[in-house]
Amino acid sequence: MQKVNKNVVLAVLSLTSLVFLLFQLYYYKFYLSQKNGAVFSKARGSQSGQDSTRWHVVRKFLGLISSHNIPVYLIDPLILGLVDKDIEQIRSSSDGPSPECKYFCAPRDFTTFALLDKAWKHEVGLFRTAEKMGFQWLKVLNKDPRLDGMDDLSGTEIPLHYIFKLASHAIHLVVFYERSGNFLWHGPLRLKQHMDRKFVPFRKLHFGRYPGAYEKPELLFVSIDDLKVQIPKNPSSFLEEMSHSRFLECRYREARAFFQMYPDDASADAVEFRKRAKSLLHLAALTLNNLGVKFWLSSGTCLGWYRQCNVIPYSKDVDLGIFIRDYKADIIPAFQKAGLPLKHKFGKVEDSLELSFQGDGDVKLDIFFFYEEDDYIWNGGTQAKSGKKFKYLFPKFTLCWTEFVELKVHVPCETLQYVEANYGPDWKVPVKTWDWKNSPSNVQYNGVWPVDEWDEVIQIY
């Protein structure tokens with residue numbers, strides 16, 4: 001028997017191992033990667049493979065939406081926070097290659113973009129292309145609140161969120177819609193029963209825990225990590241807006257039920273009052289917004305929004321609340337310049353300040369200033385003829401956006417507690433005769449103004 005050449009055996013074994021290794025690589029690339037998403041090699045300078053994967057997924061997504069002419073802009077808070085620190089440098093930088101991946105390689109599970117609904121017609125072709133590129137995708141729909149009203153509680157669904165998943169990274173695409181108050185709105189992300197809750201870590205999403213309201217942003221085209229993207233021109237303003245963006249929808253179903261029990265007043269006087277109240281509220285909002293003073297719907301105006309999605313026709317005024325910390329001396333002259341003369345001024349900045357301005361006809365604007373204590377918030381009231389002081393106590397609350405009479409405006413997020421504090425447990429029952437000194441559930445007697453201060457704290461015009 002011939003002696004076996006050891007070198008030949010080693011060569012055969014090495015070749016066999018190499019063929020097996022190549023087969024494994026082929027199988028992983030063309031079978032496993034199709035199920036689990038694409039795998040990218042280590043790239044982008046000194047960044048790790050995982051960091052590089054994020055950048056590659058974003059690049060492929062931008063290529064996907066560009067091929068379908070879909071204009072999106074970056075709203076990812078983690079990336080915008082980094083970009084904001086270097087915004088001047090980014091604005092002035094050329095399109096040359098970046099030395100390192102600084103922004104899109106930052107650790108995160110998602111990269112978030114926004115899409116304006118009117119800028120894109122929903123096409124099946126996008127999702128077919130996405131699948132060919134290795135993306136898995138999820139579309140989340142929900143009811144369109146813009147179609148809701150007293151006469152039609154529409155069940156029409158619209159796309160609110162898209163998620164595109166590739167490899168170990170996901171793209172969250174938030175759909176924004178224009179509302180009649182001239183602002184942008186996005187809906188919540190609510191998974192339906194049949195949806196895979198393990199598709200991505202949904203709890204880590206920055207958008208979708210609740211609906212949000214935003215001003216229309218001015219966009220800037222920039223190059224970030226060698227990728228051309230649109231971003232809000234002022235990232236810090238967008239991030240600040242995001243932190244206070246929570247939106248509450250008007251409760252049309254409850255309002256309809258209310259009007260079934262208490263038919264709405266459709267008289268000419270009621271229609272005219274609501275028209276004037278709407279005009280006054282829009283003018284007040286414009287004036288205060290120009291001053292940078294945050295305000296919210298209070299008292300009867302807040303009750304009208306929450307209970308019946310409209311102005312209460314027998315209320316005879318528009319009520320707004322402002323935290324005393326936001327008071328500005330320019331408020332009175334600004335309203336006078338807007339054509340609203342001062343009707344009365346009660347109290348002082350340190351205690352129980354209240355302003356009233358005369359609107360068109362017999363409609364007036366009342367502004368109540370709120371003071372914060374450790375356990376509660378309160379506003380004051382003054383009886384002009386006696387100098388008696390009153391105090392109205394509310395549980396602590398935060399502010400949310402809503403849409404009311406075609407206006408984006410704040411209301412207390414904890415609206416029910418706010419309304420119940422003021423109007424008691426029977427707030428659903430209309431009360432046309434209201435005594436501001438005795439009727440509110442939260443009113444307290446608060447002493448008497450010293451006579452020598454009356455000229456300052458009781459001013460009637």
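By convention here, the first residue in the shown sequence is residue 1. All heavy atoms count here, side chains included; hydrogens, waters and symmetry mates do not.
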Undergrad: Against Glu178, only a single residue in Lys408, Lys118, Arg146 fulfils salt bridge (charged side-chain N to carboxylate O under 4.0 Å, His left out); can you say which?
TA: Lys118
Undergrad: Would you please say whether a donor-acceptor pair under 3.5 Å links the side chains of His172 and Thr111?
TA: no
Undergrad: Regarding Asn289 and Thr287, is there a side-chain donor-to-acceptor distance under 3.5 Å anywhere?
TA: no
Undergrad: Would you confirm whether Asp84, through its side chain, and Leu80, through its main-chain N or O, come within 3.5 Å as a donor-acceptor pair?
TA: no
Undergrad: I need the full list of ring-ring contact (aromatic ring centres under 6.0 Å, His included) pairs touching residues 260-282, with sequence neighbours left out, sorted by first then second residue.
TA: Phe258-Tyr262
Undergrad: Would you find a donor on one side and an acceptor on the other, under 3.5 Å apart, between the side chain of Thr382 and the backbone of Ala384?
TA: no
Undergrad: Under a plain distance cut-off of 3.5 Å, with no hydrogens placed, do Gln383 and Ser386 share a side-chain donor-acceptor pair?
TA: yes
Undergrad: If only atom types and distance count, is the side chain of Asp265 paired as donor or acceptor with the main-chain N or O of Ser267 below 3.5 Å?
TA: yes
Undergrad: Yes or no on side chain to side chain contact (heavy atoms under 4.5 Å, CB included) for Leu74 and Phe104, after CA distance, side-chain angles and deciding distance?
TA: CA-CA 11 Å; Leu74 183 72; Phe104 285 114; 4.1 Å; yes
Undergrad: Quick one: do Glu373 and Lys391 satisfy salt bridge (Lys or Arg N to Asp or Glu O under 4.0 Å)? Show the steps, please.
TA: CA-CA 13 Å; Glu373 305 293 346; Lys391 196 174 188 178; 5.1 Å; no
Undergrad: With a 4.0 Å cut-off, would you call Lys437 and Asp435 a salt bridge?
TA: yes
Undergrad: Determine, stepwise, if the pair Lys396 / Glu414 fulfils salt bridge (Lys or Arg N to Asp or Glu O under 4.0 Å).
TA: CA-CA 9 Å; Lys396 293 230 169 184; Glu414 301 79 11; over 6 Å; no
Undergrad: Quick one: do the Asn446 and Lys388 side chains pair a donor with an acceptor below 3.5 Å?
TA: no
Undergrad: Walk me through whether Tyr210 and Phe247 qualify under ring pair (Phe, Tyr, Trp, His ring centres under 6.0 Å).
TA: CA-CA 7 Å; Tyr210 45 74; Phe247 183 90; over 10 Å; no
Undergrad: Okay, side chain of Asp319, backbone of Gly300: is any donor-acceptor separation there less than 3.5 Å?
TA: yes
Undergrad: Is the NZ or CZ atom of Lys165 both under 6.0 Å from the centre of the six-membered ring of Phe199 and within 45° of that ring's axis?
TA: yes
Undergrad: Taking the ring of Phe369 and the ring of Tyr327, is the distance between their centroids below 6.0 Å?
TA: yes
Undergrad: Counting distance only, does the side-chain N/O of Glu241 pair as donor-acceptor with the main-chain N or O of Glu215 below 3.5 Å?
TA: yes
Undergrad: Going from CG on Asn142 to CG on Leu189, what distance comes out if it is rounded to the nearest 0.5 angstrom?
TA: 9.5 Å
Undergrad: Is the positively charged end of Arg197 above the ring of Phe202, judged by distance under 6.0 angstrom from the centroid and angle within 45° of the axis?
TA: no
Undergrad: Walk me through whether Arg274 and Asp264 qualify under salt bridge (Lys or Arg N to Asp or Glu O under 4.0 Å).
TA: CA-CA 12 Å; Arg274 281 177 166 155; Asp264 194 18; 3.0 Å; yes
Undergrad: Classify the ring geometry between His186 and His161 as parallel (under 30°), tilted (30 to 60°) or perpendicular (over 60°).
TA: perpendicular
Undergrad: Can you tell whether the side chains of Asp86 and Lys102 come within less than 4.0 Å, N to carboxylate O?
TA: yes
Undergrad: Ignoring hydrogens and geometry, is there a side-chain-to-backbone donor-acceptor pair from Gln308 to Trp305 under 3.5 Å?
TA: no
Undergrad: Name all residues meeting the ring pair (Phe, Tyr, Trp, His ring centres under 6.0 Å) criterion together with Phe323; count only those two or more places apart in sequence or in a different chain, and write none if there are none.
TA: Trp296, Phe397
Undergrad: With distance as the sole test, does Trp55 use its side chain to make a donor-acceptor pair with the main-chain N or O of Asp225 at under 3.5 Å?
TA: yes
Undergrad: When you measure from the centre of the six-membered ring of Trp449, is the NZ or CZ of Lys389 closer than 6.0 Å and no more than 45° off the axis?
TA: yes
Undergrad: To the closest 0.5 Å, what do you measure between OG1 (Thr53) and NE2 (His169)?
TA: 9.5 Å
Undergrad: Please work out whether the ring planes of Trp185 and Tyr177 are parallel, tilted or perpendicular, with thresholds of 30° and 60°.
TA: tilted
Undergrad: Kindly give the heavy-atom pair with the smallest separation between Gln230 and Pro71, and that separation in Å.
TA: NE2-CB, 4.5 Å
Undergrad: May I have the step-by-step check of ring pair (Phe, Tyr, Trp, His ring centres under 6.0 Å) for Tyr418 and Phe394, ending in yes or no?
TA: CA-CA 6 Å; Tyr418 189 88; Phe394 294 84; 4.6 Å; yes
Undergrad: Using distance alone, with no hydrogens and no angle criterion, decide if Asp144 and Thr156 have a side-chain donor and acceptor under 3.5 Å apart.
TA: no
Undergrad: Before you tell me yes or no, could you show the steps for Lys192 and Glu157 under salt bridge (Lys or Arg N to Asp or Glu O under 4.0 Å), namely the whole-Å CA-CA distance, both residues' side-chain angles and the distance that decides it to 0.1 Å?
TA: CA-CA 13 Å; Lys192 298 191 176 179; Glu157 290 193 327; 2.6 Å; yes
Undergrad: Relative to each other, are the rings of Phe390 and Trp436 parallel, tilted or perpendicular (30° and 60° limits)?
TA: perpendicular
Undergrad: Donor-acceptor check, side chain of Asp426 to backbone of Val429, threshold 3.5 angstrom: yes or no?
TA: no
Undergrad: With ring pair (Phe, Tyr, Trp, His ring centres under 6.0 Å) as the test, would you mind laying out the steps for Tyr162 and Trp120 before giving the verdict?
TA: CA-CA 13 Å; Tyr162 296 101; Trp120 178 52; 5.8 Å; yes
Undergrad: Where do Pro235 and Ile87 come nearest, in terms of heavy atoms and distance?
TA: CG-CD1, 4.0 Å
Undergrad: Looking just at side-chain N and O atoms, do Asn442 and Tyr423 make a donor-acceptor pair shorter than 3.5 Å?
TA: no
Undergrad: Using the rule given for side chain to side chain contact (heavy atoms under 4.5 Å, CB included), can you reason through Ile163 versus Ile171, listing the C-alpha separation, both sets of side-chain angles and the distance that settles it, and then say yes or no?
TA: CA-CA 6 Å; Ile163 296 177; Ile171 303 294; over 6 Å; no
Undergrad: Parallel, tilted or perpendicular for Phe238 and Tyr214, by the 30°/60° rule?
TA: parallel
Undergrad: Please report the C-alpha distance between Tyr392 and Trp378 in whole Å, then the side-chain angles of each, then the deciding distance to 0.1 Å, and finally whether the ring pair (Phe, Tyr, Trp, His ring centres under 6.0 Å) criterion is met.
TA: CA-CA 5 Å; Tyr392 304 86; Trp378 63 278; 9.5 Å; no
Undergrad: Would a distance-only check, ignoring hydrogens and angles, find a side-chain to backbone donor-acceptor pair under 3.5 Å from Ser279 to Lys275?
TA: no
Undergrad: About how many Å separate OG of Ser223 and CZ of Arg91, when rounded to the nearest 0.5 Å?
TA: 15.0 Å
Undergrad: Say you draw a straight line from CZ of Arg59 to CG of Leu227; how long is it, rounded to the nearest 0.5 Å?
TA: 8.0 Å
Undergrad: Working to the nearest 0.5 Å, report the span between CD of Glu406 and CG of Leu281.
TA: 11.5 Å
Undergrad: Got a salt bridge between Lys364 and Asp317, using NZ or NE/NH1/NH2 to carboxylate O under 4.0 Å?
TA: yes
Undergrad: Find the distance between CG (Asp366) and CG (Leu355) and round it off to the nearest 0.5 Å.
TA: 9.5 Å
Undergrad: So, does Asn290 use its side chain to make a donor-acceptor pair with the main chain of Leu286 at under 3.5 Å?
TA: yes
Undergrad: When you look at Leu138 and Leu191, which way does the side chain to side chain contact (heavy atoms under 4.5 Å, CB included) test go after all the steps?
TA: CA-CA 10 Å; Leu138 177 70; Leu191 295 180; 4.2 Å; yes
Undergrad: Within the 4.5 Å heavy-atom criterion, are Lys228 and Phe221 side-chain neighbours or not?
TA: yes
Undergrad: Using only heavy-atom distances, determine whether the side chains of Tyr252 and Glu254 contain a donor-acceptor pair under 3.5 Å.
TA: no
